[in-house]
There are 2 protein chains.
Amino acid sequence: MMQTGSQDSVETGNADYIRMLNSGVVLSTIHSHEPISRAAIAKHTGLSRSTCSLIADDLLQRNLIREIGKDKSSGGRRGVLLTMNYDAGVTVGARLLADSVDCAVVSLRGDVLKHRSTAISYHADVDTYINVLCRAVSETIEEYHAVSPGMPVFGIGLGLSGLVDSASGESVASSILQWDHIPLASRAQEQLKLPVYIDNDVNTFALGELWFGHGRGVDSFLCVTVGEGIGLGVVINGAIYSGSHHGAGEFGHTRISDDPQAPRDALGIQGSVEAFSADPAVCAYLEQQIRQGASSLLEAQSGEISIDQAAEAARRGDALALEAFNRAGKYLGIGIANLISLFDPEMIILGGEGCAVRDLWQPAMEETVREQAAYGLHRRVRWKSVEFDDDLWVRGIASLVLKEVFEGRAQVRD
Amino acid sequence: MMQTGSQDSVETGNADYIRMLNSGVVLSTIHSHEPISRAAIAKHTGLSRSTCSLIADDLLQRNLIREIGKDKSSGGRRGVLLTMNYDAGVTVGARLLADSVDCAVVSLRGDVLKHRSTAISYHADVDTYINVLCRAVSETIEEYHAVSPGMPVFGIGLGLSGLVDSASGESVASSILQWDHIPLASRAQEQLKLPVYIDNDVNTFALGELWFGHGRGVDSFLCVTVGEGIGLGVVINGAIYSGSHHGAGEFGHTRISDDPQAPRDALGIQGSVEAFSADPAVCAYLEQQIRQGASSLLEAQSGEISIDQAAEAARRGDALALEAFNRAGKYLGIGIANLISLFDPEMIILGGEGCAVRDLWQPAMEETVREQAAYGLHRRVRWKSVEFDDDLWVRGIASLVLKEVFEGRAQVRD
DNA sequence: CTTACTTTGTTTGTCTATCGTACAAACTAA
DNA sequence: TTAGTTTGTACGATAGACAAACAAAGTAAG
């Protein structure tokens with residue numbers, strides 16, 4: 001044999017494949033309907049009772065699920081209830097930020113068991129950053145193991161902003177960390193001696209919602225995050241969509257204004273959603289208005305205004321601050337209405353740091369969406385929002401590992 | 001049995017499913033690499049030679065493929081070459097427009113064999129429209145059968161603008177035909193006694209490109225059509241994406257301007273791509289500028305200006321007309337740059353009636369995209385465009401039927 | 001022309017996963 | 001106690017994929 005041939009990357013089926021497929025279906029049915037009996041799984045999935053039994057036995061042997069007591073009777077023999085085996089081990093999620101690493105141990109239930117933040121000097125070089133990152137992860141695991149000794153760790157998830165090639169484990173481009181084609185996953189894996197998975201942080205946020213949050217059982221939805229930037233995680237057919245070059249979901253950099261005076265975002269793009277509605281944009285707008293003589297509680301402020309100060313002023317009734325948040329909401333609404341027109345999602349989930357002040361911008365956002373969405377599609381969208389919580393970020397990132405575990409690729413010891 | 005149970009719509013696998021899957025893979029390998037031998041198919045797909053042989057025999061028996069002579073020898077026994085059996089039958093595609101029906105017989109190769117347009121009185125009621133439509137289809141088939149008697153017709157595809165539920169065969173909402181929840185497919189099927197499939201016309205355009213055009217073998221791409229409106233067909237993972245409520249791809253109605261003076265589109269949305277860049281928008285802009293006293297070759301024009309007149313003036317060097325097309329291109333560029341940021345497609349295909357004057361707006365469009373796309377993602381997009389041709393629309397619509405045939409759901413007689 | 005070597009397509013036997021049916025166990029209600 | 005349900009398992013049938021063996025058909029060298 002000279003060469004294996006040019007193997008197109010098409011998915012073909014065989015007995016193994018079909019078992020993997022059905023196994024995954026059974027597992028996710030248990031995950032989303034637990035506790036549930038074998039017979040009920042059969043009804044839900046359309047698989048035969050015998051097949052479900054065989055698969056369940058297999059999952060029990062692999063220690064991925066557990067039997068816990070019996071169901072109520074529905075007229076006959078009581079079913080044996082199955083649940084995920086959430087105590088089989090834990091996962092780790094770490095969020096890579098410009099000046100710190102947020103690291104957490106997360107249970108298979110999605111509970112954050114240990115969470116710590118480690119400072120990193122701004123613009124540290126790549127080697128230093130990776131070293132500090134790995135030490136932070138190791139120490140977090142050690143601290144956790146001091147309390148729960150011997151608990152297996154399935155793997156480490158890393159989340160960062162920018163373009164990330166999750167398949168190859170490479171950070172392709174990151175505006176915050178200034179990284180360019182860094183083989184992050186393999187380098188971290190070398191040091192940590194555990195499987196490492198990486199992805200864009202907004203994608204992982206969406207993944208967390210898909211596994212644990214509002215997105216459970218929802219086929220396609222969008223996660224819009226508001227904060228330092230504006231992010232978008234796209235879930236289509238129950239899977240993250242990241243485009244052909246890992247660049248899908250750059251919602252913050254889409255333009256919604258043709259005004260030559262419009263502000264610019266971090267990438268220098270003018271009139272983008274981020275340039276109007278991200279936290280820094282709100283602050284910059286306020287500073288500019290005050291410089292131009294607008295009256296506000298904040299004008300006493302010397303120099304830069306923080307988003308917290310702006311929110312406080314707005315809550316005290318400051319007209320200028322209220323208008324600044326309104327404006328942000330309005331432009332975010334234009335962008336989100338565009339998303340609805342393009343993706344027609346089943347659900348939109350709002351998240352991110354900016355949700356802490358959601359009450360200040362959401363009304364304006366919703367009004368704009370109502371005015372603008374084509375064919376009234378916005379009325380069919382289910383809206384959800386998550387209270388801001390750092391745990392949600394790391395939980396989502398840890399879900400990267402979870403996906404491997406639950407899809408049967410990770411081996412679970414006793 | 002009280003009820004069948006709540007059958008989630010998850011895809012489970014069994015022996016039939018896997019054969020269908022592999023059959024489809026083999027067929028599409030033949031389609032994209034024909035003529036090709038059984039052994040070469042095995043190399044391409046990763047399936048074993050014996051499986052490929054069995055599947056090929058099955059396809060031969062079902063008359064979907066043919067053996068045509070032998071391959072050149074590559075050192076040993078010569079392989080038997082297989083191709084699609086393009087002569088097994090034909091399909092029909094009909095495009096439903098406000099005042100006419102475009103109907104064509106299309107070969108399995110994608111060639112348009114017979115094409116005719118039938119006028120329909122503007123705003124005819126639903127019953128009348130469907131009757132005229134069905135008669136137009138029947139007559140087109142008859143005319144074709146007069147030349148090629150006895151050729152089997154696999155089915156009819158119908159394409160129309162607006163929201164279309166292709167699964168249930170319902171036209172949910174159509175701004176052009178003023179239809180609301182019309183069970184179009186079943187009603188046409190009753191009269192025509194042939195399987196009828198329907199979808200949004202831009203989706204079918206994309207489908208045509210996926211099967212026959214630039215999209216062959218491309219995993220995810222976007223089709224942007226410019227004309228009376230601005231449309232978008234989204235292909236993700238080799239399949240049309242139409243959203244949760246059939247509303248995905250309403251690109252024309254996304255907003256790219258916050259100017260309170262911005263024009264409105266057919267749905268009344270202000271500052272949308274369609275309001276700036278569709279053909280009527282270009283004409284309206286010209287008329288407005290002339291009313292305001294701008295000088296132009298077109299000012300002699302009494303009343304309305306057509307897009308053809310505008311194009312002619314531009315080609316003669318008329319500064320105002322040139323600027324009008326430039327402006328349309330610039331705004332389309334903003335919209336397309338947004339699409340790149342959101343979808344990160346492998347390829348973008350430009351089509352539609354407006355492509356007849358593409359030279360007048362494309363440079364401005366491309367320049368805007370270059371300036372604006374985040375992370376330079378636009379450089380990785382492959383650009384294609386199709387010369388405007390009415391045949392492309394009906395070919396795409398007929399592909400709806402083709403999909404059924406090639407995926408093995410339609411039965412092929414001898 | 002003969003021989004050695006390749007490649008293709010088919011045949012055969014083995015393996016595995018699903019499914020339907022049958023059946024025992026477990027439970028309810030009359 | 002009995003009749004009827006529901007659950008979980010066991011067993012045989014079926015179907016698909018695959019590997020290995022094999023015959024057919026070709027090439028190339030001597």
Side-chain angles (χ1 to χ4, degrees), chain A residues 1-5 7 10-26 30 33 35-61 65 67-82 408, chain B residues 1-5 7 10-26 30 35-61 65-82 408:
Chain A
M1 190 192 313
M2 304 283 97
Q3 48 189 18
T4 332
Q7 270 288 96
V10 199
E11 199 132 13
T12 57
N14 66 40
D16 286 355
Y17 172 79
I18 162 176
R19 169 48 77 95
M20 202 190 75
L21 189 74
N22 289 344
S23 239
V25 171
V26 168
I30 296 175
H33 293 85
I36 186 173
S37 70
R38 291 166 172 79
I41 294 172
K43 278 182 195 149
H44 270 98
T45 58
L47 293 165
S48 70
R49 277 216 314 281
S50 32
T51 302
C52 288
S53 246
L54 287 172
I55 291 179
D57 288 351
D58 185 44
L59 295 174
L60 277 168
Q61 266 208 328
I65 61 172
E67 297 188 329
I68 49 147
K70 303 204 167 186
D71 200 357
K72 277 178 217 153
S73 168
S74 55
R77 173 174 169 180
R78 294 160 63 192
V80 178
L81 291 173
L82 304 171
Chain B
M1 190 189 313
M2 304 282 98
Q3 47 189 16
T4 332
Q7 270 286 99
V10 198
E11 198 133 14
T12 57
N14 67 39
D16 285 355
Y17 172 80
I18 159 176
R19 169 48 77 96
M20 202 191 75
L21 189 74
N22 289 345
S23 242
V25 171
V26 168
I30 296 174
I36 187 174
S37 71
R38 292 164 172 81
I41 294 173
K43 279 182 195 150
H44 270 98
T45 59
L47 294 165
S48 71
R49 276 214 314 280
S50 36
T51 303
C52 288
S53 246
L54 287 171
I55 291 178
D57 288 351
D58 186 45
L59 295 174
L60 277 168
Q61 266 206 329
I65 60 172
R66 280 198 164 162
E67 297 188 330
I68 49 147
K70 305 206 165 183
D71 201 357
K72 279 177 216 153
S73 167
S74 54
R77 173 175 169 178
R78 294 158 64 191
V80 179
L81 291 173
L82 304 171

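Residue numbers begin at 1 in each chain, while the letters A, B, ... track the order of the sequences. Being a predicted model, the structure only gives us computed values, none of them experimental.
At least one side-chain heavy atom of B:H44 sits less than 4.5 Å from a side-chain heavy atom of B:I36. Taking 4.5 Å as the limit, every side-chain heavy atom of B:R66 sits out of range of all side-chain heavy atoms of B:L82. Looking only at side-chain heavy atoms (C-beta outward), A:I68 and A:P35 come within less than 4.5 Å of each other.
When rounded to the nearest whole Å, the span between CG of A:L21 and C1' of C:dT16 equals 16 Å. Between the C1' atom of C:dG9 and the CG atom of B:L81 lies a distance of 13 Å, rounded to the nearest Å. Rounded to an integer number of Å, the gap from CG of A:D57 to C1' of D:dA10 is 12 Å. When the C1' atom of C:dT12 is taken as reference, atom CG of B:L54 falls 12 Å away, rounded to whole Å. A straight line from CE of B:M20 to P of C:dA17 spans 21 Å, rounded to a whole angstrom. Rounded to whole angstrom, the span from the CG atom of A:D58 across to the P atom of C:dT16 amounts to 13 Å. Regarding B:K72, its NZ atom lies at a distance of 17 Å from the C1' atom of C:dT8, rounded to whole Å. Here C:dC15 presents its P atom at 17 Å from CZ of A:R19, a figure rounded to the nearest Å.
An OP1 or OP2 oxygen of D:dA17 is reached within less than 4.0 angstrom by no side-chain nitrogen or oxygen of B:S48. Taking only side-chain nitrogens and oxygens, B:S53 never comes nearer than 4.0 Å to OP1 or OP2 of C:dG9. Between B:N22 and D:dA17 there is a side-chain N or O to OP1 or OP2 distance below 4.0 Å.
Considering only the side chain of B:I55, D:dA17 comes nearest among C:dT18, D:dG8, D:dA17. If you check C:dG9, C:dT16, D:dA17 against the side chain of B:R38, the one that comes closest is C:dG9. Taking only side-chain atoms of B:N14, from C-beta outward, the nucleotide of C:dC19, C:dA17, D:dG16 with the closest atom is C:dC19. Side-chain proximity of B:T51 to D:dC18, C:dT18, C:dG9: nearest is D:dC18.
One can find a donor-acceptor pair under 3.5 Å joining the base of C:dG20 and the side-chain atoms of A:S50.
In terms of modelled atom types and a separation under 3.5 Å, the side chain of A:T45 and the main chain of A:I41 share a donor-acceptor contact. When atom types are taken as modelled, the side chain of A:N22 and the backbone of B:T12 share no donor-acceptor pair closer than 3.5 angstrom.
Looking only at atom types and distance, the side chain of B:S50 has no donor-acceptor partner in the side chain of B:S53 under 3.5 Å away.
With respect to A:R38 and A:D71, no salt bridge is recorded, no charged nitrogen being found less than 4.0 Å from a carboxylate O.
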*Treat primed atoms plus P, OP1 and OP2 as sugar-phosphate and everything else as base, then score nucleotides 22-30 of chain C 5' to 3': B for base contact with protein heavy atoms under 4.0 Å, S for sugar-phosphate contact only, - for none.*
--BBBBS--
